[in-house]
Every structure is written in C-alpha cells, then in structure tokens.
Amino acid sequence: MSDNLKVPLRKRHRKPSSEYADGYYFVTVCTHNFEHTLGEIVDAKLVPTAIGGILDSCIRDMSLHYKYIEVVNYIIMPNHWHALLWVNAPGHISKSPTDMGCLRPPRHELTNIPFVNRTHFNSLLATAVGGVKSAVTRRANSSGLKFKWQRGFYDNIITHQKMFDQVCYYIENNPNVWELDRFYRNAAIDI
C-alpha cells in the first residue's frame with residue numbers, strides 16, 4: 001500500500017487478548033452527541049420515546065436473532081443504554097478466566113498488515129450490539145424519526161462475581177441517580 005493511501009488506525013477499544021466469544025460483558029451504547037432521543041426520566045423511571053420503545057423491543061429480541069447472546073439485564077436511559085450480556089459461543093473454550101470475552105479474524109483479508117494492527121473486528125459481541133444499533137436506526141428512519149448512534153460502544157469484561165453484582169446494581173439503580181450519571185446532559189428531547 002502506498003503512503004498516499006494509508007488510512008490512520010483508529011484507537012483500539014477492545015482488549016486485544018480477548019476473543020469476546022464467551023463470558024459476561026457490561027455494554028454501554030450512546031446516542032449521537034448524547035442527544036436525549038430515547039426518552040426522559042420521570043420519577044426514577046424512563047418514559048420512552050418512540051425510538052426508546054423500538055430499542056426496548058430490539059434488546060428484548062436480541063437472543064432471538066443472536067442465539068449465542070443472552071440479555072441478563074438492561075436499562076434504557078435518555079441518551080444511552082446499558083446491558084449485561086452473556087456471550088456463549090458453541091464450542092468455544094476460553095484460554096483463561098480473564099480471557100472471557102474479541103478478536104476474531106477479519107472477514108475481509110487485508111494484505112501486508114499484521115493482524116495486531118488491523119482495525120476490523122467482528123466479534124460475536126460486536127456483531128450483536130451492532131445488529132441492535134442497525135435495527136433501531138432502520139426502524140426509526142423508516143418511521144420518519146431522525147436518529148443516530150454514537151460510533152462504537154463501550155464494554156467491560158466481567159471477570160468475577162463481585163463485578164457482576166456491581167453491574168447489576170448499577171443497571172437497576174441508574175434511573176435513581178440519573179442527574180449524577182456521567183452520561184447525563186441537561187438536554188430536552190429533540191425529535
């Protein structure tokens with residue numbers, strides 16, 4: 001590849017030593033510019049917009065479309081959603097207890113670029129989360145609703161029971177502390 005055609009490498013957000021093929025993951029997906037397009041918190045409960053309702057349906061149906069994913073718990077907030085997901089790839093065996101979870105070979109082979117420098121990831125987790133994001137966007141747009149996600153998503157590999165319990169607690173109590181949330185932005189719903 002000539003120097004003129006080089007594409008800058010994006011910052012890696014996934015743990016390079018993990019295959020993201022089995023284990024528990026805490027996932028956070030945000031709306032574009034943290035816009036409050038999914039609903040609003042009233043009395044510590046989400047009152048969803050039409051897009052928030054579409055998202056709720058897509059998350060609940062995730063296991064129907066991705067047989068290797070189980071939604072353990074989730075919460076939709078005005079500008080993001082959190083989910084505790086269990087990925088259970090048939091026949092996959094983790095290399096270690098902390099390797100419970102990204103890198104699968106890219107679908108499109110890139111020549112002369114070492115695998116560790118590639119930016120194309122198609123892990124089971126990324127495929128499922130991307131599928132939900134795509135489904136929500138398609139359904140919203142086909143309904144005439146302007147909607148966009150932030151690029152990518154955040155994930156944490158759950159490595160022990162205490163962490164699992166903390167994530168469950170966080171998900172359950174997120175609406176109660178919405179104004180203290182790191183994703184909180186004092187913005188009106190813009191639909």
Open item on the list: Does anything in residues 128-148 form a ring-ring contact (aromatic ring centres under 6.0 Å, His included)? List the pairs, not counting sequence neighbours.
Closed with: F147-W149
Open item on the list: How long is the straight-line distance from CG of N88 back to CD1 of I69, given to the nearest 0.5 Å?
Closed with: 9.5 Å
TODO: Please name all residues satisfying side-chain hydrogen bond (donor to acceptor under 3.5 Å, both in side chains) with R60, sequence neighbours left out, ordered by chain then number.
DONE: D56
TODO: Determine the minimum heavy-atom distance between L38 and L46, stating which atoms define it.
DONE: O-CD2, 4.1 Å
Task: ring pair (Phe, Tyr, Trp, His ring centres under 6.0 Å) involving Y74 - partner list, sequence neighbours excluded - done: none
TODO: Go through the steps for N73 and E172 under the test side chain to side chain donor-acceptor pair (under 3.5 Å), then give the verdict.
DONE: CA-CA 8 Å; N73 201 352; E172 294 293 327; 2.8 Å; yes
TODO: Could you tell me the separation between the OH atom of Y68 and the OG1 atom of T127, rounded to the nearest 0.5 Å?
DONE: 5.0 Å
- [ ] Kindly compute the distance separating CD1 (I54) from OG (S143), expressed to the nearest 0.5 Å.
- [x] 5.0 Å
- [ ] Report the distance from atom NE2 of H32 to atom CZ of F34, rounding to the nearest 0.5 Å.
- [x] 10.5 Å
Task: For the student: nearest non-hydrogen atoms of G53 and P48, plus distance - done: N-CB, 4.0 Å
Task: Pairs where residues 61-78 contributes a residue and the test salt bridge (charged side-chain N to carboxylate O under 4.0 Å, His left out) is met, not counting sequence neighbours - done: none
Task: Heavy-atom closest pair, residues E40 and P78 - done: CA-CG, 3.9 Å
- [ ] Check step by step if side-chain contact (heavy atoms from CB on, under 4.5 Å) holds for V129 and V29.
- [x] CA-CA 8 Å; V129 172; V29 182; 3.8 Å; yes
TODO: Kindly indicate, with the supporting measurements, whether the criterion side-chain contact (heavy atoms from CB on, under 4.5 Å) is fulfilled by T28 and F26.
DONE: CA-CA 7 Å; T28 301; F26 176 51; 4.0 Å; yes
- [ ] Classify the ring geometry between H36 and Y184 as parallel (under 30°), tilted (30 to 60°) or perpendicular (over 60°).
- [x] perpendicular
TODO: Determine whether H80 and T31 make a side-chain contact, defined as any pair of heavy atoms from C-beta on separated by less than 4.5 Å.
DONE: no
Open item on the list: As an exercise, state the distance from NZ of K146 to OG1 of T137, rounded to the nearest 0.5 Å.
Closed with: 13.5 Å
Open item on the list: Are the side chains of I51 and V136 in contact, using a 4.5 Å heavy-atom criterion?
Closed with: yes
Open item on the list: The criterion is side-chain hydrogen bond (donor to acceptor under 3.5 Å, both in side chains); which residues satisfy it with N156, sequence neighbours excluded?
Closed with: none
Task: Heavy-atom closest pair, residues K133 and R151 - done: NZ-C, 4.1 Å
Quick one: side chains of residues 162-171, donor-acceptor pairs under 3.5 Å with protein atoms, not counting sequence neighbours, listed by atom name and distance.
from: D165; atom 1: OD1; to: Q161; atom 2: NE2; distance (Å): 2.8
from: Y170; atom 1: OH; to: D181; atom 2: OD2; distance (Å): 3.1

Task: Minimal non-hydrogen separation, T49 against T37, with atom names - done: OG1-O, 2.6 Å
- [ ] Could you grab the distance from atom OH of Y154 to atom SG of C30, nearest 0.5 Å is fine?
- [x] 5.0 Å
TODO: Taking all non-hydrogen atoms of both residues into account, name the closest pair between A44 and P175 and its distance.
DONE: O-CB, 3.2 Å
